[in-house]
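Down below is the structure, laid out as structure tokens.
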Amino acid sequence: MASLPSMVLKAVLNNPHTITTKPRAKQLHAQIVKHKGLSSTSLSFILSIYADLNLLRESLLVFNALPSPPFVAWKSIIRCYTSHGLFAESLASFSRMRAFGKYPDHNVFPSVLKSCAFLMDSRLGEAVHGCVVRLGVDCDLYTGNALMNMYAKFRSLGGNGGIRGFADEVLDEMSQRVNRGNVMRQMDDHESCLDSGPEMYQLNSSGQNEIGSLEIRREACCQRDSVRKVFDMMPKRDVVSWNTVIAGNVQSGMYGEALAMVRAMGNANLRPDSFTLSNVLPIFAEHVDVHKGKEIHGYAVRHGFDTNLFIGSSLLDMYAKCARVADSYRVFHMLPQRDGISWNSIVAACSQNGMFDEGLKFFRLMLKDDVKPGPISFSSIIPACSHLTSLHLGKQLHGYIMRARFDDNVYIASSLVDMYAKCGKIEKAKCIFSNMELHDIVSWTAIVMGCALHGHALDAISLFEKMQMEGVKPTYVSFIAVLTACSHAGLVDEAWKYFNSMTQEFKINPGLEHYAAIADLLGRAGRLEEAYDFICSMPSEQPSSLWSPLMTACRVHKNVELAEKVAERILRVDPESIGAYVQMSNIYSAAQRWKEAAKWKVSMKQRGFKKKPACSWIEVRNRVHAFLSGDTSHPYYSKINEALEVLLEQMEKDGYKPNTSEVLHDVEEEQKKQLLQHHSERLAIAFGIISTPPGTEIRIIKNIRVCTDCHEAIKFISKIVGREIIVRDNSRFHHFKDGKCSCGDYW
DNA sequence: GTAGGGTTAG
């Protein structure tokens, strides 16, 4: 290494910031040792350079060589620990420094406060705050900012009772002192000049009225919180101070206040920067206010922030939460580079908007881009497997999750519970659920809904009760789950009990889904008129989706007159309802009123409506095979047909009698049997039987309800082939085993 | 000394 001339060394010593690389620092270290020896001063000097470069190893080596480190050395090592995320070490050094009788100053407090914040050590944080005040450092800008940040973090986790009490004390004392010194800043100066902000004023002029007026009024009644008190006491504030207090407001849901502060910030002649924008964007995402979000986007573009990674993922997320995925795509593709968070954001954007295939595509692209998926990536992509019922993919991801030890993450575990339940593996879902250390409302809801879909109504109900015994309050969604459970098992009284407790005890306004569950339940139970009246009792206009299950119930219970009334209701709100036409023609066919059935069919044709064909899917060796009713196109069709013939023969010996009343065509009896024999689920099941080893369970997904004859037939088949056959139709799972179905023939 | 992404919905 070339020797540094002593002139240069002198220049460097006067201006250490010219050392910007590790080799240069090491070179300087050698030179200093050579020329100046191992004095405490020279070692502290080189230590501060290492600390500035964030070189922990080197800093520690130098620090440990100091028998009694001077104050500057302590400062360097504390700063270095904090910026390496070694917060406990940072605080330990702080205590040791104090034990050596060294007094901290404004350079060291920000690091110490940050460490307290990360470790959520409120007691120490309070003590440090006291120390700050006693040493008179409380008017330092950086220290004030760090204090606010710390209090905001404490508040966001677990309230602020004790902290507020302490901060109040300290701050009141400060306030008196400031008052005496006659340099009091007006507590509310930011409010008196709210109306004159530059660009951001327009941006938010109406936002406060719509979003925040209530919160502002409520907040005005409360005492100022610790963050705000520190802010109000600060003699000098910069953009970081404003951003910190704004972020604190957003974290505690005080959106109105946050937006008002953005305006006030403009008044203090400070321009909102990228931090400000990424603080306020989630407000518009949560309030689904794409107009305000777009204005922020405009501001970001005008100020060149739109290519900032943080702003990019916030914008992308805001558009996704406002159901504008196309705009999310645009933002994503505009980003000059992407990190794990931008990838996670685009994956979540797709997943949250029902675009599961696209979500998977982005997930794969992310892997291709060498970005390692983290816990959040998995909690965003697992729901795609649930919705696509891709057990194969879900299992692969679960394997990765276990290897990466992400399985104790509550978001991931909940999504896995849901995935296994939706893919037909309810026992696996239950197993993951019971292995979870902590259950939140989402994981409880996922397992209750899983049990509901598999017809395990009593399990669903007892889990729902257990949840409440463990102090978890049911929510809107969890009531949907428990009502669904009741509905699938015909538990009318229990359903009413939950519906009433939801509205009366928990003050939750029933939504469409709750009405749908009750109406469906009454319909399935054959209480058709009651269901009709219940739907009519709904305060707002009833959408056709509420009536459709009742229509099905009318068909099952053969009530043509009510069906006519229901059809009229449906067509009133949705004249294009193909379902109503199909159902009416089916209902008349079932009643052998062929003429009327034909009338509905004809008018359907005239309107150009096409019936959704019945379809069943089965996954065999990682490939999905789809079958339509009467489908002969599968390459193994003749073998499938052969298998069905053999099965039919055995089934008839065992006592199976085809129920041709389900065939809604005006054809001969023998032809009806043939039609039943080739329903899509039977083709799929026969294919599953001939293409998998004996004993393998068979999982089928179907887009419409299983007909009663197929339901009966599959029971026989399960016994003959000695296999479990799991069929998911459009509303639930049926597990066929040993000639019985888990639904107990109620579905 | 400040910032972005996640799970449940017949």
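In the text below, chain A, chain B and the rest are named by the order of the sequence lines, each starting its count at 1.
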Starting from the C-alpha separation in whole Å, work towards a yes-or-no answer on ring pair (Phe, Tyr, Trp, His ring centres under 6.0 Å) for Phe231(A) and Trp242(A).
CA-CA 8 Å; Phe231(A) 181 82; Trp242(A) 285 90; 4.9 Å; yes

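- No contact: Ser111(A) has no heavy atom under 4.0 Å from any strand.
- If you check distances only, the side chain of Ser314(A) never reaches the base of dG4(B) with a donor-acceptor pair under 3.5 Å.
- Comparing dT2(B), dG4(B), dT7(B) by their nearest atom to the side chain of Ser278(A) picks out dG4(B).
- Across all strands shown, Leu147(A) has no heavy atoms under 4.0 Å from either base or sugar-phosphate atoms.
- Taking the side chain of Thr445(A) as heavy atoms from C-beta on, and the options dA3(B), dT8(B), dG6(B), the nearest nucleotide is dT8(B).
- Arg155(A) places a side-chain N or O within 3.5 Å of a backbone atom of Gly248(A) that can act as its donor or acceptor partner.
- Looking at heavy-atom distances under 4.0 Å, Asp520(A) makes no contact with the nucleic acid at all.
- We find that CD1 of Ile447(A) is positioned 12 Å from P of dA9(B), with the value rounded to whole Å.
- The separation between Leu316(A) atom CG and dG4(B) atom P is 15 Å, rounded to whole Å.
- The base of dT7(B) lies outside donor-acceptor range of the side chain of Ser379(A), with no N or O pair under 3.5 Å.
- You'll find that the side chain of Val442(A) is closest to dT7(B), out of dT2(B), dG6(B), dT7(B).
- We find that CG of Asn353(A) is positioned 11 Å from P of dT7(B), with the value rounded to whole Å.
- If you measure from atom CD1 of Ile412(A) to atom P of dT8(B), you get 13 Å, rounded to the nearest angstrom.
- Remark: the Ser313(A) side chain and the dG4(B) base include a donor-acceptor N/O pair separated by less than 3.5 Å.
- Atom pair Asp418(A):CG and dT8(B):C1' shows a separation of 6 Å (rounding to whole Å applied).
- Between the CH2 atom of Trp444(A) and the P atom of dA9(B) there is a distance of 17 Å, rounded to whole Å.
- Residue Pro549(A) is out of contact with every strand shown, counting any heavy-atom pair closer than 4.0 Å.
- Nucleic acid contact for Val417(A): none, since no nucleic acid atom lies under 4.0 Å from a heavy atom of the residue.
- Among the nucleotides dT7(B), dT2(B), dA9(B), the one closest to any side-chain atom of Asp440(A) is dT7(B).
- Side chain of Lys422(A), nearest nucleotide from dA9(B), dG4(B), dG6(B): dA9(B).
- At a threshold of 4.0 angstrom between heavy atoms, the contacts of Ile382(A) with the nucleic acid are absent.
- Counting only heavy atoms from C-beta on, Phe275(A) has its side chain closest to dT2(B) among dG6(B), dT7(B), dT2(B).
- Residue Lys321(A) places none of its side-chain N or O atoms closer than 4.0 Å to OP1 or OP2 of dG4(B).
- Rounded to whole Å, the distance from CD on Glu286(A) to P on dG6(B) is 11 Å.
- Counting only heavy atoms from C-beta on, Glu513(A) has its side chain closest to dA9(B) among dT7(B), dA3(B), dA9(B).
- Taking the six-membered ring for Trp and thresholds of 30 and 60 degrees, His735(A) and His456(A) have ring planes inclined between 30 and 60 degrees apart.
- If you take CG of Asn308(A) and P of dA3(B), they are 13 Å apart, rounded to a whole angstrom.
- Between Asn243(A) and dA3(B) there is no side-chain polar atom (N or O) within less than 4.0 angstrom of OP1 or OP2.
- Among the heavy atoms of the strands, none lies under 4.0 Å from Ile346(A).
- Figure legend: Lys114(A) and Phe87(A) shown without cation-pi pairing, the cationic atom not lying both under 6.0 angstrom from the six-membered ring centre and within 45 degrees of its axis.
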Checking Lys229(A) against Asp232(A) for the salt bridge (charged side-chain N to carboxylate O under 4.0 Å, His left out) test, could you report, in this order, the C-alpha distance in whole Å, the side-chain angles of both residues, the deciding distance, and whether it holds?
CA-CA 5 Å; Lys229(A) 284 193 168 184; Asp232(A) 289 331; over 6 Å; no

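- The main-chain N or O of Met355(A) is never found under 3.5 Å from a side-chain atom of Asn353(A) such that the two would form a donor-acceptor pair.
- Exactly one of Phe506(A), Tyr498(A), Tyr476(A) qualifies for a ring pair (Phe, Tyr, Trp, His ring centres under 6.0 Å) with His514(A). That residue is Tyr476(A).
- Judged by ring centres under 5.5 Å apart and planes tilted less than 30 degrees, Tyr411(A) fails to stack against the six-membered base ring of dT7(B).
- In this model, no side-chain donor or acceptor of Thr244(A) finds a partner on the base of dT2(B) within 3.5 Å.
- Each of dA3(B), dG6(B), dA9(B) was ranked by its minimum atom distance to the side chain of Ser380(A); first place goes to dG6(B).
- On a pure distance criterion of 3.5 Å, a polar donor-acceptor pair joins the side chain of Asp339(A) and the base of dG4(B).
- Each of dG6(B), dT7(B), dT8(B) was ranked by its minimum atom distance to the side chain of Ala348(A); first place goes to dG6(B).
- Checked by distance alone, Asn279(A) brings no side-chain donor or acceptor within 3.5 Å of a matching partner on the base of dG4(B).
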